[in-house]
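Written out below as structure tokens is the structure these notes cover.
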Protein chains: 2
Amino acid sequence: MHAEQPVRTGRAKRLPRAVRERQILDAAVDVFSRLGFHASSMDEISEVAGISKPMLYAYLGSKEELFATCIRREATRMMEAIATGVEPDQPPDVQLWSGLRAFFGFVGGNRAGWQVLHRQASSQGGPFAAELADMRGRAISLVAALLVHSSDFPNVPRAGDKEAESLAAALVGAGESLADWWLDNPEEPAGVVAARLMNLVWMGFGDLVGGNVWHPPSRRAPDTPQPGAES
Amino acid sequence: MHAEQPVRTGRAKRLPRAVRERQILDAAVDVFSRLGFHASSMDEISEVAGISKPMLYAYLGSKEELFATCIRREATRMMEAIATGVEPDQPPDVQLWSGLRAFFGFVGGNRAGWQVLHRQASSQGGPFAAELADMRGRAISLVAALLVHSSDFPNVPRAGDKEAESLAAALVGAGESLADWWLDNPEEPAGVVAARLMNLVWMGFGDLVGGNVWHPPSRRAPDTPQPGAES
DNA sequence: TCCGCTACCTACTCGCAGGTAAGACTACTG
DNA sequence: CAGTAGTCTTACCTGCGAGTAGGTAGCGGA
């Protein structure tokens with residue numbers, strides 16, 4: 001799970017600041033994800049990072065600043081992964097599908113990052129949750145734009161945008177929760193989890209219990225869920 | 001939000017143990033929900049409860065035991081609220097609808113309880129998360145049974161149960177997330193939030209962008225979302 | 001009215017973890 | 001070979017909060 005550095009003795013090798021900072025952030029994400037914000041000690045983080053505590057403070061400031069930096073880094077990585085994965089000229093369901101695959105692919109390849117980003121950040125109050133809320137807001141806007149663009153909401157005359165936005169919030173929330181659930185049930189590959197959510201939000205239970213499933217255009221038989229990216 | 005006791009001076013009124021324990025748990029849920037587990041001090045909880053710290057230890061044991069007791073109490077309350085709200089002889093969509101209304105009704109009336117139950121418990125590791133996972137497991141089983149009972153899953157020959165269970169997990173997760181989202185956007189009434197999730201999971205985006213919405217049987221016109229229970 | 005029990009308190013101990021002071025080692029530059 | 005800038009360390013201070021020792025006050029029973 002987390003790479004176990006051999007116990008450090010004596011002085012660490014001299015490295016340029018940028019490299020050290022990356023190492024420290026990696027270590028911090030690892031420790032925060034395993035222990036949570038409060039239970040993580042700066043001593044432990046510095047030990048995992050292979051340096052001594054004052055380096056932490058010299059480079060990353062206080063514990064809270066360090067945590068915020070972790071959150072920002074992981075949030076940025078995730079949004080970039082999604083933005084890279086989605087194909088803007090496709091029909092809406094395919095865009096949604098590729099977005100979901102990118103999202104679950106990222107989570108699968110960055111369990112620790114997702115853990116600290118979502119679970120930890122949301123449980124600490126104040127600026128951390130705000131940081132997270134900002135990222136979620138961007139994701140919601142993305143989905144909402146997709147929905148609004150893809151069709152009108154004929155039955156909700158004036159509130160179309162708000163309606164779309166809150167549906168998008170529900171979807172994003174479902175994705176976050178399913179990702180959390182996946183952390184505890186890691187045996188399934190990313191594509192299967194993504195396909196499940198895709199079916200749920202695109203088809204709905206009403207269709208699914210009737211046997212209608214969504215499937216990507218022209219690839220496989222309708223009844224096999226898309227394997228997709230591996231965990 | 002939380003009832004502000006006047007600053008206590010001198011000795012508290014003598015009360016039977018059961019009553020004190022309830023007071024203490026109320027105070028603990030309040031403080032835990034606002035500050036989180038680690039940031040909450042036993043001093044603060046005892047102060048809010050209107051008693052002195054040794055009483056906490058005498059009645060509720062250690063801080064961890066106190067927290068676990070809070071979680072269990074809130075979890076039990078929530079499952080009871082849902083079980084009471086659902087009507088077993090109705091068709092599946094109506095059962096789901098009433099379950100969702102009961103759930104969001106509970107959360108709306110117990111913001112602090114939900115906060116500590118979900119956000120706090122899930123972010124602390126170990127036994128607390130396990131406690132929560134147990135409750136979630138029961139909720140998932142409930143929904144999965146509903147799905148399996150309501151119809152076959154024709155396209156997934158042998159894995160029907162597992163498929164249903166993981167869809168149920170996604171739904172429960174969506175509900176949890178939407179409830180969290182609702183904590184930060186509390187202006188909407190419970191019924192509207194419940195109706196949104198109902199539409200999402202029952203109809204799916206595929207229908208919704210086409211203008212098809214779900215509505216409770218024989219109450220209103222199909223195009224108005226159900227206002228439902230008030231916050 | 002005295003006993004004993006339960007509710008309740010003040011006033012501590014003590015370890016842990018965030019944060020820092022002050023200096024030592026390395027490498028580059030002239 | 002100085003001088004300087006940046007890297008890195010040991011060894012400490014300090015406050016906060018979990019948990020406790022030991023004692024006081026009200027109440028019910030005989």
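Each chain gets a letter, A, B and so on, in the order its sequence line appears, and its residues count up from 1. Hydrogens, waters and symmetry mates are skipped; everything else that's a heavy atom, side chains included, is used. As the structure is a prediction and not an experimental result, all values here were calculated from the model.
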Please compare B/Arg14 and B/Lys53 by the position of their nearest nucleotide in DNA chain C and report the one closer to 5'. B/Arg14
Are the side chains of A/Leu66 and A/Ile45 in touch, meaning some heavy atoms are under 4.5 Å apart? yes
Please determine if B/Lys63 forms a cation-pi arrangement with B/Tyr57, meaning its NZ or CZ atom is less than 6.0 Å from the six-membered ring centre and no more than 45° off the ring axis. no
Rounded to whole Å, please give me the gap between CG in A/Leu66 and C1' in C/dA17. 15 Å
Check the phosphate of D/dT9 against A/Ser52, side-chain N and O only, distance under 4.0 Å to OP1 or OP2. Yes or no? yes
Do B/Lys63 and D/dG19 share a donor-acceptor pair, side chain to base, under 3.5 Å? no
With a 4.0 Å cut-off on heavy atoms, is A/Met55 in touch with a base, just the backbone sugar-phosphate, or nothing at all? base
Looking at the side chain of B/Leu15, which of D/dG17, D/dG19, C/dC8 is the nearest nucleotide? C/dC8
Please determine whether any donor N or O and acceptor N or O are separated by less than 3.5 Å between the side chain of A/Arg17 and the base of D/dT7. no
Any side-chain N or O of A/Arg20 less than 4.0 Å from the OP1 or OP2 oxygen of D/dC8? yes
Does A/Arg111 qualify as a cation-pi partner of A/Trp182, given the criterion of NZ or CZ under 6.0 Å from the six-membered ring centre and within 45 degrees of its axis? yes
Report the distance from atom CG of B/Asp43 to atom P of C/dT10, rounded to the nearest whole Å. 12 Å
A/Ile24 CD1 to D/dC8 P, straight-line distance once rounded to whole Å: 9 Å
Walking DNA chain D from its 5' end, the first of B/Ser40 and A/Lys13 to be reached, judged by nearest nucleotide, is A/Lys13
Could you state the atom-to-atom distance from CD of A/Glu47 to C1' of D/dT9 in whole Å? 15 Å
From the candidates C/dA21, D/dA21, C/dG19, the one with an atom nearest any side-chain atom of A/Pro54 is C/dA21
Salt-bridge test for A/Lys53 and A/Glu47: reply yes if a basic N is under 4.0 Å from a carboxylate O, no otherwise. no
Value in whole Å for how far the P atom of C/dA7 lies from CG of B/Leu56: 14 Å
Can you tell me the distance, in whole Å, between the NE2 atom of B/His38 and the P atom of D/dG17? 13 Å
Going by ring-ring contact (aromatic ring centres under 6.0 Å, His included), A/Trp114 matches just one of A/Phe106, A/Phe103, A/Phe32, A/Phe104. Which one? A/Phe103
Would you say A/Tyr59 places a side-chain N or O within less than 4.0 Å of OP1 or OP2 belonging to D/dG6? no
Give the rounded distance in Å between these two atoms: CZ of B/Phe67 and P of D/dG17. 17 Å
Rounding to an integer number of Å, can you tell me how far A/Tyr57 OH sits from D/dG6 C1'? 21 Å
